[in-house]
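Encoded as structure tokens, the structure appears first; notes follow it.
Numbering starts at 1 and runs along the sequence shown. The basis for the numbers below is simple: all heavy atoms, side chains too, and nothing from hydrogens, waters or symmetry mates.
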Amino acid sequence: MLLLEALGSGLLGLALAGAAVRVFARRLPSPGIVLVSGAAGALFGAYLTHTALGPGHNTLAYTFLGAALVSAVVLSLLLRPASHSGRPPRGAPFSLPSRG
């Protein structure tokens, strides 16, 4: 059962990362980093959920839910801010204008 949880969670993380790469391609780093991060986040989420629920509980759905949530959080940390084409670029914070 544990092997099924690990394999399913890894595939779920890869699927979420693949969807994120398709939707947010410009706002994410390279696809390889995104795919590895999504799978690793899902595996950690499955481990965390399985450990929190304790042994002896047949909770495959909850384990997959925990894996998907942690994977989504890890992928959201990789997102860069959207570029605003209508605004001029801002200077460094607390910078004084130069006279040159």
What one should report as the nearest heavy-atom pair of A20 and L75 is CB-CD1, 4.4 Å

When you group the ILVMFWY residues by side-chain heavy-atom contacts below 4.5 Å and let the links chain together, are V23 and L78 in the same group?
yes

Point-to-point distance, once rounded to the nearest 0.5 Å, from CZ of F44 to OG1 of T51
8.5 Å

T49 and Y62 have their tightest heavy-atom pair at CG2-O, 3.4 Å

Backbone N or O of A67 within a donor-acceptor pair of the S71 side chain at under 3.5 Å?
no

So, for L14 and L35, which heavy atoms are closest and what is the spacing to 0.1 Å?
CD2-O, 3.7 Å

Output yes when a side-chain donor or acceptor of R27 lies under 3.5 Å from a complementary backbone atom of R80, and no otherwise.
yes

Let's go through H50 and T59 carefully: what are the C-alpha distance in whole Å and the side-chain angles of both, what is the deciding distance for side-chain contact (heavy atoms from CB on, under 4.5 Å) to 0.1 Å, and is it a yes or a no?
CA-CA 8 Å; H50 185 79; T59 56; 5.6 Å; no

What's the separation between atom OG in S37 and atom CG in L16, rounded to the nearest 0.5 Å?
13.0 Å

To the nearest 0.5 Å, what is the distance between CG on L28 and CD1 on I33?
10.5 Å

Nearest 0.5 angstrom please: L7 CG to L2 CG, how far?
11.5 Å

Under a single-linkage definition using a 4.5 Å side-chain heavy-atom cutoff for Ile, Leu, Val, Met, Phe, Trp and Tyr, are V21 and L79 assigned to the same hydrophobic cluster?
yes

How long is the straight-line distance from OH of Y47 back to CD of E5, given to the nearest 0.5 Å?
13.0 Å

Note: L12 and A68 closest approach over all heavy atoms is CD2-CB, 3.8 Å

Please report the closest heavy-atom contact between V34 and A17, naming both atoms and the distance.
O-CB, 3.5 Å

Work out which heavy atom in G10 is nearest to a heavy atom in A39; give both atom names and the distance.
O-CB, 4.2 Å

